[in-house]
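Below: one structure, written as C-alpha cells.
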Amino acid sequence: MGEQPIFSTRAHVFQIDPNTKKNWVPTSKHAVTVSYFFDSIRNVYRIISLDGSKAIINSTITPNMSFTKTSQKFGQWADSRANTVYGLGFPSESHLVKFADKFAEFKEAARLAKEKSQEKMELTSTPSQESAPGDLQSPLTSDSINGTDEERVTPDTPQHPEARAEPSQNALPFSHSSSNINKHWEAELAALKGNNAKLTAALLESTANVKQWKHQLAAYQEEAERLHKRVTELECVSGQTTAIKSQKTELNQTIEELELALKAKEEELEKLKAEVESATEFKSQKVSLTQKLQDTEFRNQDLEAQLSDLELRLESSQQEREAFRNSLRSLLELLDGKIFELTELRDLLAKLLEGS
C-alpha cells in the first residue's frame, strides 16, 4: 500500500519565473531523478523529484493537464495547484518521448479514475438526493422544514410568505419534520465521514512521502559517501606522486654525492697508480686499491641500475598522471559543451518566449 515509483528518468528541472512568467529558473544544479509515483490509497498519479532532501517537484497529474514538447530535449507542463509551470531538460530526445508517453498514459488513467470515483459518489448520493433534495442546500429552520413539507403535500399550490405563518399550515404531522431532520443529520454525518476519509488519506500520503524521501535521502547519502571515497583515492594517488617526486630528489642528491665520491676515488686511484709506478713497494697497496676500485665500480653499476629503475617508475607515474589529466580535461570539455548547449537552449527559449 502507499505510493510506489513506476517510472524514473534523469533530467534538469526548471520552473517559470514567478515575476516575469517568461524566463526559466533552474531549481537543480545538476541532473536529478524525476519519477512517476502511483498512490494506491487515493488512486492518483504524481510526479516527484528530490534535490537532496528538498522536493523540487510535487505535482499531481489531473485530466486537464497537458505535457508540451517545446524542443527535441525539453518539455513542460502547468500545475494550477502549485501555481507554476515545470520544465524538464532531458539528455536525449528518446528520454523526452518516453516521459511524454508516460504522462499521457497516466493522465488517461487519472481521467478514468476520476470518472469512476464520480460514478461511485453519484451512486452513494442518489438515495439521499431523491428523498430530500433541498435539505443540504437550505438551513435547518422550522419555516424551511414546514415549507418543504408543504411543497410535498401540495406541489401545484403556489407558496406565499404570509401563508407560512398561518396556524393551519404549521399544523402538519410531526413525523414529516422529524424525518427531514434525521435525513439532514444523516447527510451531515456522511459529509463528516467523507472529510475524515480525506484527512486519513492525506495523512497516509504524507507518511508515504516521508518514507519515500527517507529512502531517497539514504540513497543520496550512500552516493555521497562513494564519491567521497573516490576523492580520497584520487588524493592518495596525488600523494603518491608527490612521494615519488621527493624520492627522486633524494636519489638525485645521492647520485651527485656518489659521483663526487667516485671522482675523489678516481683522483686517489690516479695518485696511487703514480705511486705504484714510482715505487714497487706499493704493489700490495695497488692490489687493495684495485679491489676497492672494482667494488666501487660494482656499486656504481648497482646505483646505475637503481637509477634506471627509478627513472622507469617515474616515467610510468608521469604517464599515469598525464592520462589522469587527459581524462579530467576531456570531462571538463564535455561539461563545457553541455553548459554551452544549455546556454544556447536557454537563449533560444528566451528568444521564443520574447517572440511569442
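As the structure is a prediction and not an experimental result, all values here were calculated from the model.
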request  = State which residues pass side-chain hydrogen bond (donor to acceptor under 3.5 Å, both in side chains) with Thr62; sequence neighbours excluded, sorted by chain then number.
outcome  = Asn64
query = Does any pair with a residue in residues 40-63 pass salt bridge (charged side-chain N to carboxylate O under 4.0 Å, His left out), and if so which ones, sequence neighbours excluded?
reply = Glu3-Arg46, Arg42-Glu205, Arg46-Glu205
note = Scanning both residues in full, the closest heavy-atom pair of Ser327 with Phe324 reads OG-O, 2.6 Å
inquiry  = Could you work out, with salt bridge (charged side-chain N to carboxylate O under 4.0 Å, His left out) as the rule, every residue matching Arg226, not counting sequence neighbours?
reply    = Glu223
Between side-chain atoms of residues 336-345 and protein atoms elsewhere (two or more places apart, or another chain), which donor-acceptor pairs fall under 3.5 Å?
{"unit_1": "Thr343", "atom_1": "OG1", "unit_2": "Ile339", "atom_2": "O", "d": "2.7"}

inquiry  = For Thr84, give me all partners under side-chain hydrogen bond (donor to acceptor under 3.5 Å, both in side chains), at least two apart in sequence or on another chain.
reply    = none
message = Just to verify, what does Phe37 make a ring-ring contact (aromatic ring centres under 6.0 Å, His included) with, not counting sequence neighbours?
response = none
Partner set under salt bridge (charged side-chain N to carboxylate O under 4.0 Å, His left out) for Glu266, not counting sequence neighbours = none
query = Can you list every pair that meets salt bridge (charged side-chain N to carboxylate O under 4.0 Å, His left out) and has a residue in residues 91-102, with sequence neighbours left out?
reply = Lys102-Glu105
ask   = Which hydrophobic side chains are connected to Leu303, either touching it within the sub-4.5 Å cutoff or through other members that do?
value = Leu258
task = Would you mind listing every side chain to side chain donor-acceptor pair (under 3.5 Å) that reaches into residues 269-278, with sequence neighbours excluded?
result = none
request  = Please list, chain by chain and in numerical order, all residues satisfying salt bridge (charged side-chain N to carboxylate O under 4.0 Å, His left out) with Arg10, sequence neighbours excluded.
outcome  = none
query = Considering residues at least two apart in sequence or located in another chain, which fulfil the ring-ring contact (aromatic ring centres under 6.0 Å, His included) criterion with Phe14?
reply = Phe74
